[in-house]
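So the structure is just underneath, and the comments pick up after that.
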There are 2 protein chains.
Amino acid sequence: MKLDRIDIKILYELQKNGRITNVELAELVNLSPSPCLMRVKKLQQEGYIEGYSAQINIGKLGQTLTVFTEVTLKNHRQIDFARFLAAVEKVDQVIECHLVSGGYDYMLKFVTAGIGEYQTIMERLTDMDIGIDKYFSFVVLKSPIVKAHMPLISLFRV
Amino acid sequence: MKLDRIDIKILYELQKNGRITNVELAELVNLSPSPCLMRVKKLQQEGYIEGYSAQINIGKLGQTLTVFTEVTLKNHRQIDFARFLAAVEKVDQVIECHLVSGGYDYMLKFVTAGIGEYQTIMERLTDMDIGIDKYFSFVVLKSPIVKAHMPLISLFRV
DNA sequence: AAATCTGCGGCATAAAATGCCGCTGCCCTT
DNA sequence: AAGGGCAGCGGCATTTTATGCCGCAGATTT
């Protein structure tokens, strides 16, 4: 399947407003509602759209702490990565886990209730003997930019 | 305004599925559609819900590169942060910018078309004389975990 | 204990989604 | 170059959903 300009525009608009009505979306992309809806369904079915999500202002709900953590493993066999990942997947507060190049192995992103909870989680992970050699924590003080969407425009020049 | 258990449940469900119909949402939280919609509207109006977004599988659209970049500024006056931030805000490919502890540094998250584009952007930023002392790049090889939602449950024990 | 207030469910109306159908323009075949 | 087939469009009818209104119940206050 090949995406044309209209498909990209649809993805762009749905990133900006995931709850736009099909009628409004159709207007924005210069289609009538029927073919517009057909395209959206197709984009979902083919996996270009993975889902829809509300963006919650978690700061308003209570104090939270975001931390980026660089983790180095002791060994780098397949099994070492798999074991680490299996443990990390069970931690609700880990909202991202990336395998990265450049001196460290994993970059994690935590959202926790506070420094205490973060500390507890990291103690548990290091005690678990899942091959963590060392880690370094970047505690987030402020997040001036947090976009919910990917830069479709600059990537694909719509 | 104070949120009760039902409000948290609504936020939780809307994070999982931002395009759920009000009728279905009402069933999930054991309300009838009317009061459920009223709560959702209120949560939006009060800023607990900042918006809705489609999650795009950007990898299917073409090759992309994600990079975490740790930036150190030369000086740490108000004006230095402001100038850096103003420049970074103009870069479409920066989807996150966090002020982190450990020497008043920034952690950026880029999504670019490839290492070439990333390199170009970083050259431009360093040449711009916005006070960047040095930076270190973590190129993402793989992202085993990328959650679109915050850990509401573990944070607020619903 | 009475009054009030907040929040609920049910109902009616307006809006949207969704499936169907026929038309049009493009591409492939001959 | 002409004809046939096909993909994709717009319009319409039906079903589903959103949304505003009203009366009721439980909790809180006086």
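Please read all numbers here as calculations on a predicted model, not as lab measurements. A, B, ... follow the sequence lines: proteins, then strands. Residue 1 opens every chain. Values below: every heavy atom of this structure, side chains too, minus hydrogens, waters and symmetry copies.
- Within the 3.5 Å criterion, the main-chain N or O of B:Ile6 finds a donor-acceptor partner in the side chain of B:Asp4.
- Mapping B:Asp4 and B:Arg19 onto DNA chain C via the closest heavy atom, the residue that lands nearer the 5' end is B:Asp4.
- Taking atom CD1 of residue B:Ile20 and atom C1' of nucleotide D:dT17, one finds them 13 Å apart after rounding to whole Å.
- Comparing D:dC9, D:dG10, C:dG9 by their nearest atom to the side chain of A:Arg39 picks out D:dC9.
- Each of B:Pro33 and A:Asn30 has a nearest nucleotide on DNA chain D; the 5'-most of these lies closest to A:Asn30.
- One finds no salt bridge joining A:Asp127 and A:Arg124 here, because no Lys/Arg side-chain nitrogen approaches an Asp/Glu carboxylate oxygen to under 4.0 Å.
- A:Ser32 comes within 4.0 angstrom of a base, heavy atoms only.
- One interatomic measurement links the two molecules: CG of A:Asp7 to P of D:dA7, which rounds to 16 Å at whole-angstrom precision.
- Between A:Ile10 atom CD1 and D:dG8 atom C1' there is a gap of 13 Å when expressed in whole angstrom units.
- Here C:dT18 presents its P atom at 13 Å from CG of A:Leu25, a figure rounded to the nearest Å.
- Taking the side chain of B:Thr21 as heavy atoms from C-beta on, and the options C:dG9, D:dT17, D:dC9, the nearest nucleotide is D:dT17.
- A:Glu24 has its CD atom 19 Å from the P atom of D:dT17, to the nearest Å.
- You'll find that the side chain of A:Leu37 is closest to C:dT18, out of C:dC8, D:dG10, C:dT18.
- Enclosure of atom CD in A:Glu123 by more than 12 non-hydrogen atoms of other residues, nucleotides or ligands within 6.0 angstrom is indicated.
- The interatomic distance linking A:Asn22 (CG) with D:dC12 (P) rounds to 17 Å, in whole Å.
- When each of D:dC9, C:dG9, C:dT18 is scored by its nearest atom to the side-chain atoms of B:Leu31, the top-ranked nucleotide is C:dG9.
- You'll find that the side chain of B:Ser34 is closest to D:dC21, out of C:dT18, D:dA18, D:dC21.
- In this structure, A:Met38 places its CE atom 8 Å from C1' of D:dC9, rounding to the nearest Å.
- Taking a 6.0 Å sphere around NZ of A:Lys142, one finds it holds 12 or fewer heavy atoms contributed by other residues, nucleotides or ligands.
- Taking the six-membered ring where tryptophan is involved, the planes of A:Phe110 and A:Tyr118 are perpendicular, since the angle between them exceeds 60° and thus also 30°.
- In terms of phosphate contacts, A:Lys41 brings a side-chain nitrogen or oxygen within less than 4.0 Å of OP1 or OP2 of C:dT18.
- Between B:Lys2 atom NZ and D:dA27 atom P the separation is 16 Å, expressed in whole Å.
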